[in-house]
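Because only heavy atoms are used, hydrogens play no part in the values below, and waters and symmetry mates are left out as well, while side chains stay in. Residue numbers begin at 1 in each chain, while the letters A, B, ... track the order of the sequences.
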Protein chains: 2
Amino acid sequence: MDHEPSYKKRKVITIGVVSELTGLTERQIRYYEQRKLIFPERPERGNRKYSFSDVERLIEIANKREEGVRTHEIRQEIMKKNKEEEERKIKKQMLRGQINARFGIQND
Amino acid sequence: MDHEPSYKKRKVITIGVVSELTGLTERQIRYYEQRKLIFPERPERGNRKYSFSDVERLIEIANKREEGVRTHEIRQEIMKKNKEEEERKIKKQMLRGQINARFGIQND
DNA sequence: CGTGTAAGGAATTCTGACACG
DNA sequence: CGTGTAAGGAATTCTGACACG
């Protein structure tokens, strides 16, 4: 049923590597977290861990920032995208539910 | 033409995380490198970096070791697999070459 | 052979703060 | 607001070695 947790989403990359991958300074990366643009894994008393997905988001953020977009606005765009994503998923589930209701459960 | 460098092959994971992911100690992981079972990225004066692919290989190694297989034999198995893999790729390329030779290059 | 451990040092990461604009 | 930097400490990683079996 589930897709495997997938390489893209696993939070395994340390901030130094993320910095290399994105071209952002660690300072910037931590700041974007503080502004709630990015959500690394934060084990108690442990170092931040990022996923490839996070890296891609950071690259998008970097591009937006170059265009002069404020972190505040970037956050709103991200929230909007997430919301749309959520809605798409829910619709998909509902459709599946309909189908199951009519054809899925066959007790003969 | 190329597949993207792909999340699976990018060497971005530090040894501590690999240890968590595989259940192996750092000592073991370094030792398997010494025995040439695994090849992390080793930047000059930098820390080892592993890929998800490496993590999977380490898990296989761990399983073999539990069965009592020696590192020496595991290396041979790995080399054999790699060789087969290589041959498959070459055959594929040759086939492609044949096809191109007959149908691919059309100068009218 | 495969792995544990203590040792000492180097590089990494963390937080909170001051700075500039 | 967004980012740089120096500061001090904590956690991570590295290597070479001794140990056991």
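- Between Arg42(A) and Gly46(B), it is Gly46(B) whose nearest contact on DNA chain C lies nearer the 5' terminus.
- Residue Arg48(B) places no side-chain atom within donor-acceptor reach of the base of dT13(D), judged by atom type and a 3.5 Å distance cut-off alone.
- Within the model, atoms CG of Leu95(B) and NZ of Lys91(B) stand 11.0 Å from one another, a figure rounded to the nearest 0.5 Å.
- A distance of 9.0 Å separates CZ of Arg10(A) from CD of Glu41(A), quoted to the nearest 0.5 Å.
- Atom CG in Leu58(B) sits 13.0 Å away from atom CZ in Arg65(B) (nearest 0.5 Å).
- Within the 4.0 angstrom heavy-atom criterion, only backbone atoms of the sugar-phosphate kind lie near Arg65(A); the bases stay farther away.
- Atom CD of Glu20(A) and atom C1' of dT12(C) are 12 Å apart (whole Å).
- Residue Tyr32(A) has no polar side-chain atom (N or O) positioned under 4.0 Å from OP1 or OP2 of dG2(D).
- Protein atom CD of Glu33(B) is 15 Å distant from nucleotide atom P of dT3(C), rounded to whole Å.
- Phosphate proximity of dG2(C) to Tyr31(B): present, with a side-chain N or O under 4.0 Å from OP1 or OP2.
- Of the side-chain N and O atoms in Thr71(B), one or more sit less than 4.0 angstrom from OP1 or OP2 of dG2(C).
- Regarding Glu26(A), its CD atom lies at a distance of 12 Å from the P atom of dT15(C), rounded to whole Å.
- The distance between atom CG of Asn47(A) and atom C1' of dT13(C), rounded to the nearest whole Å, is 5 Å.
- In this structure, CD1 in Ile13(A) is found 14.0 Å from CG in Asn47(A), a value given to the nearest 0.5 Å.
- Between Arg30(A) and dT12(C), a side-chain N or O to OP1/OP2 separation shorter than 4.0 Å is absent.
- For Ile15(A) and dA10(D), the CD1 to P distance is 20 Å, given to the nearest whole Å.
- Checking the phosphate oxygens (OP1, OP2) of dT12(D), no side-chain nitrogen or oxygen of Thr14(B) falls inside 4.0 Å.
- Under the 3.5 Å distance criterion, the side-chain polar atoms of Asp54(A) are matched with a main-chain donor or acceptor of Ser51(A).
- Residue Glu66(A) contributes atom CD, which lies 11 Å from atom P of dT3(D) at whole-angstrom precision.
- Summarising the geometry, atom CD1 belonging to Ile38(A) is positioned 9.0 Å from atom CD1 belonging to Ile29(A); distances are rounded to the nearest 0.5 Å.
- Interatomic distance, Lys49(B) NZ to Thr14(B) OG1, rounded to the nearest 0.5 Å: 8.5 Å.
- For the pair Leu24(B) CG and dG2(C) P, the computed distance is 14 Å after rounding to whole Å.
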Exercise. Dot-bracket, DNA chain C: Watson-Crick or G-U, under 3.5 angstrom, [ ] crossing, | other strand?
Worked result: .||||.||.|.|.||.||||.

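- Put simply, Arg45(B) has no side-chain N or O that comes within less than 4.0 Å of OP1 or OP2 on dT15(D).
- A donor-acceptor contact under 3.5 Å links the side chain of Arg27(A) to the base of dT5(D).
- Between Thr25(A) and dG4(D) there is a side-chain polar atom (N or O) within less than 4.0 angstrom of OP1 or OP2.
- For Glu73(B) and Lys64(B), the salt-bridge test fails: no basic side-chain N is under 4.0 Å from an acidic carboxylate O.
- Rounded to whole angstrom, the span from the CD atom of Glu73(A) across to the C1' atom of dG2(D) amounts to 14 Å.
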